[in-house]
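Some notes on the structure that comes next.
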Amino acid sequence: MIDVRLLRTQPDSVRAALARRAKPDVLEQADHALALDTRLRDITTERDAARARVNELSKQVAELRRAKLDAEAVMAESRALGDREKVLAEEYAQVEAVLRDVLLRIPNLPHDDVTQGMGSDDNQVVRGPEQLPAQFADHQRVPHWETGATLGILDSERAVKISGAMFTMQRGAGAALARALCQYALDRNADAYEEIRPPSLVTTATLTATGQLPKFADEAYSIERDDLWCIPTAEAPLTSLHAGEILDETSLPVRYMAFSPCFRREAGAAGRDTRGMLRSHEFDKVEILAVTTPEQAPAMLDEFVQRVTHLIADLGLPYRLLEICTGDLGQSHHRSFDVEVYAPGCDQWLEVSSVSWFSDYQARRGDIRLRRSGKKGTEFAHTLNASALAVPRVWAAIVENFRTADGSVVIPPVLHPYMRGLTVIRPPQSR
RNA sequence: GGAGAGGUGCCAGAGUGGCCGAAUGGGGCGCCCUGCUAAGGCGUUGUCCGUGUAAAGCGGACCGAGGGUUCAAAUCCCUCCCUCUCCGCCA
């Protein structure tokens, strides 16, 4: 949520920042919010004045009663004011609800350094190779779903039988590889990050804090009977870990990491990436997340980029780092980078991580604040997160990049400790 | 799922309609006292909204959440959530 007071006091600069997102309806929403805010403050003023008078009259009634005098006249005035107050309170609740809904749908203000752009085509490659297909051998040009089926490590058909389209299932060494990737990502960050095993089902409030609700409800699985949602990412429960709390400045930054399943309806992606493991309704991911002071945030963003890229680089996968432009920035994002891995078999750059800084946008929604020593009052914290490792796409990239001429897949050495001694996944006939 | 108990400030805990934003104790912070420590004395200690250039001040709200009754609600009524105990069920 953006700061409504900032919108109130500096509407022009807020509008200018929002305009950079190249989404025309956003400005209309901002203007709508501004109008609602004005109305709400008018109501507040009148309602508080009425309330103040009622409080005063109530004291008079008490005094009159104690003096054994008639209080009926005072009570009558108070009654009338009470009626007026009730009307105002109703309108207040109504306006507030609409304002809240509008505010929840207004995206975050992009950081000044984010490059201007209309969409994903304008994202800038910050680091890494422009794709050079020639350097890949023919035996690497086999899509992972083919290799996976041949090696018996991916059983998409049965996954579909069990759960329907866009679910996947790994078997044997393939299942071990998926789990190894999780373990690897967790172990690599355990030096500074507390491991959390969060719930996979969360409340509406939790999913609202991070920004998935209310605007992207269609993307999440809901469990209506119990008013719960399946998490689309561990970002949701991790961010709400400190919801409603006031953190001491000296305790920041706090760093968390979590393995979790992620559930996505992929409502807008019907027909896309239907084969293999590039897009599915359920996948595993290791997420890292930090809550910081505003000053700590930029350095934390750098730390996240470093950690994620090193993690990928040490697997031996070709990757590149992109800075997301204003037109492609997610709703909650203040600034973000994507890490993409090249998969030669399907000839695609696969997004395996998104590193994001949310400024105080999520913290305001989730009410995560910090207190500075010696200073009165509180302020909103900053949140950042990154996928440390999105399992299926990295799995796919490994199977494609490390496929050898005989159809085997060589396991990256950093994963050997987690593979029960297996270093190469060989075709059945040569085992 | 059934029965019972309970949710009050940083913590413990009092408060059953007005003088309660809330006793008391502990903790924290500040000052004083003491050679040091211990003990002690005095003071102070929440959040949010509106108003205000800001501070001060003023007004409002907050005793799990939401609604209701009343001139007036921490206190009475209703619904929900959560915690604890016992029973049942279960990994």
Side-chain angles (χ1 to χ4, degrees), chain A residues 1-13 33-104 197-209 223-229 237 240-252 261 360 363-381:
Chain A
M1 208 149 54
I2 62 166
D3 184 358
V4 71
R5 264 179 293 196
L6 191 67
L7 177 65
R8 188 189 300 157
T9 54
Q10 300 174 41
D12 293 338
S13 64
L34 203 49
L36 289 166
D37 174 64
T38 303
R39 177 69 195 131
L40 195 66
R41 278 182 301 140
D42 288 347
I43 299 168
T44 304
T45 303
E46 193 185 343
R47 187 202 57 184
D48 285 359
R51 188 75 215 164
R53 182 65 182 153
V54 167
N55 287 342
E56 193 183 316
L57 292 173
S58 295
K59 281 188 185 130
Q60 287 182 21
V61 170
E63 281 164 26
L64 289 169
R65 283 270 173 88
R66 244 170 278 147
K68 304 238 193 293
L69 296 170
D70 177 38
E72 190 46 51
V74 179
M75 279 161 67
E77 183 187 348
S78 189
R79 243 192 305 267
L81 272 168
D83 290 344
R84 175 64 184 153
E85 192 196 331
K86 196 166 277 182
V87 171
L88 289 167
E90 265 168 42
E91 197 188 347
Y92 180 94
Q94 208 180 322
V95 174
E96 193 199 27
V98 178
L99 174 59
R100 180 176 155 76
D101 188 66
V102 172
L103 282 174
L104 285 175
R197 178 42 255 238
S200 305
L201 267 41
V202 298
T203 63
T204 298
T206 296
L207 223 51
T208 302
I223 300 176
E224 288 178 25
R225 197 200 318 202
D226 298 295
D227 196 21
L228 290 169
W229 301 79
S240 284
L241 201 81
H242 292 297
E245 296 181 15
I246 301 171
L247 303 165
D248 197 294
E249 179 191 13
T250 57
S251 70
L252 300 178
D360 61 3
R364 183 171 288 106
R365 287 166 160 254
D367 190 24
I368 306 163
R369 288 174 288 163
L370 66 96
R371 193 197 312 279
R372 311 229 187 219
S373 51
K375 271 185 121 179
K376 228 175 127 60
T378 61
E379 61 190 284
F380 287 110

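Below, all heavy atoms of this structure are taken into account, side chains as well, without hydrogens, waters or symmetry copies. Chain A is the first sequence line, chain B the second, and so forth, proteins listed ahead of strands; every chain is numbered from 1.
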Holding to side-chain hydrogen bond (donor to acceptor under 3.5 Å, both in side chains), I want the full list of residues that pass it with [X], two or more places apart in sequence or in another chain.
X       : value
R197(A) : S200(A)
E224(A) : none
E96(A)  : none
E63(A)  : none

Rounded to whole Å, please give me the gap between [atom1] in [X] and [atom2] in [N].
X       : N       : atom1 : atom2 : result
I43(A)  : rA61(B) : CD1   : C1'   : 16 Å
I246(A) : rC10(B) : CD1   : P     : 8 Å
E245(A) : rG46(B) : CD    : C1'   : 16 Å
L88(A)  : rG60(B) : CG    : C1'   : 13 Å
E72(A)  : rC71(B) : CD    : C1'   : 9 Å
R53(A)  : rC58(B) : CZ    : P     : 19 Å
L81(A)  : rA72(B) : CG    : P     : 10 Å
R79(A)  : rA72(B) : CZ    : C1'   : 12 Å

If we take the [atom1] atom in both [N] and [M], what is their distance in whole Å?
N       : M       : atom1 : answer
rC20(B) : rA73(B) : C1'   : 11 Å
rG60(B) : rG4(B)  : C1'   : 39 Å
rG7(B)  : rC63(B) : P     : 14 Å
rC31(B) : rA23(B) : P     : 25 Å
rA91(B) : rA3(B)  : C1'   : 25 Å
rG64(B) : rG59(B) : P     : 26 Å
rC82(B) : rU45(B) : C1'   : 29 Å
rG26(B) : rG88(B) : P     : 45 Å

Sequence-distant partners of [X], salt bridge (Lys or Arg N to Asp or Glu O under 4.0 Å), two or more places apart:
X       : answer
E379(A) : R372(A)
D42(A)  : none
R371(A) : none

- Message: Tell me which pairs pass salt bridge (charged side-chain N to carboxylate O under 4.0 Å, His left out) where either residue lies in residues 76-94 of chain A, with sequence neighbours left out.
- Response: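 Qualifying pairs, neighbours excluded: R39(A)-E91(A), E46(A)-R84(A), R51(A)-E85(A), R53(A)-E77(A), E72(A)-R79(A).
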
- Query: If you measure from CZ on R365(A) to OG1 on T206(A), what distance do you get to the nearest 0.5 Å?
  - Reply: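 That separation rounds to 12.5 Å.
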
- Check whether any side-chain N or O of R47(A) sits under 3.5 Å from a backbone N or O of L88(A) as a donor-acceptor pair, and report yes or no.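 No, the answer is negative, given that no donor and acceptor are paired below the 3.5 Å cut-off.
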
- Query: If you pin R371(A) and R47(A) to their nearest nucleotides in RNA chain B, which one's is more 5'?
  - Reply: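 Going by which nucleotide is closer to the 5' end, it is R371(A).
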
- Count the heavy atoms belonging to other residues, nucleotides or ligands that lie under 6.0 Å from CZ of R41(A), then report whether that count exceeds 12.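 Yes - once you tally the heavy atoms of other residues, nucleotides and ligands closer than 6.0 Å, there are more than 12.
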
- Item | Within 6.0 Å of CD in Q94(A), more than 12 heavy atoms from elsewhere |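 Check fails, neighbour count at 12 or below.
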
- Message: Quick one, L64(A) with V74(A), criterion side chain to side chain contact (heavy atoms under 4.5 Å, CB included). Give me CA distance, side-chain angles, the key distance, then yes/no.
- Response: CA-CA 9 Å; L64(A) 289 169; V74(A) 179; 3.8 Å; yes

- Would you say the side chain of D367(A) lies within less than 4.5 Å of the side chain of F380(A), judging by non-hydrogen atoms?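 F380(A) vs D367(A): side chains touch.
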
- Taking every non-hydrogen atom, the tightest pair across V95(A) and L36(A):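 Minimum heavy-atom separation between V95(A) and L36(A): CG1-O, 3.7 Å.
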
Give every pair of a protein N or O atom and an N or O atom of nucleotides 48-55 of chain B that lie under 3.5 Å apart, one pair per line with the distance.
residue: rC48(B); atom: OP1; partner: R369(A); partner atom: NH1; Å: 3.1
residue: rC48(B); atom: OP1; partner: T378(A); partner atom: OG1; Å: 2.5
residue: rC49(B); atom: OP1; partner: R5(A); partner atom: NH2; Å: 2.7
residue: rG50(B); atom: OP1; partner: R8(A); partner atom: NH1; Å: 3.0
residue: rG50(B); atom: OP1; partner: R8(A); partner atom: NH2; Å: 3.0
residue: rG50(B); atom: OP2; partner: R5(A); partner atom: NH1; Å: 3.4
residue: rU51(B); atom: OP1; partner: R41(A); partner atom: NH1; Å: 3.0

- Note on the structure: Readout for nucleotides 62-69 of chain B: B = base within 4.0 Å of protein heavy atom, S = sugar-phosphate only, - = neither; 5' to 3' it is -------S

- Item | Under 4.0 Å protein heavy-atom contacts per nucleotide of nucleotides 18-23 of chain B, with B for base, S for backbone only and - for none | B-----

- Query: rG60(B) phosphate, OP1 or OP2: any side-chain N/O from N55(A) under 4.0 angstrom?
  - Reply: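 So the side chain of N55(A) is within the cut-off, an N or O lying under 4.0 Å from OP1 or OP2 of rG60(B).
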
- Taking only side-chain nitrogens and oxygens of R51(A), does any of them come within less than 4.0 Å of OP1 or OP2 of rA61(B)?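 So the side-chain polar atoms of R51(A) do come within 4.0 Å of the phosphate oxygens OP1 or OP2 of rA61(B), strictly under.
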
- Here RNA chain B, pairs taken as Watson-Crick or G-U under 3.5 Å and shown with ( ), [ ] when crossing and | when to another strand, reads ((((((((.[[[..)..(.....]]]((((((.......))))))((((((.....)))))).[[[[[..)....]]]]])))))))....

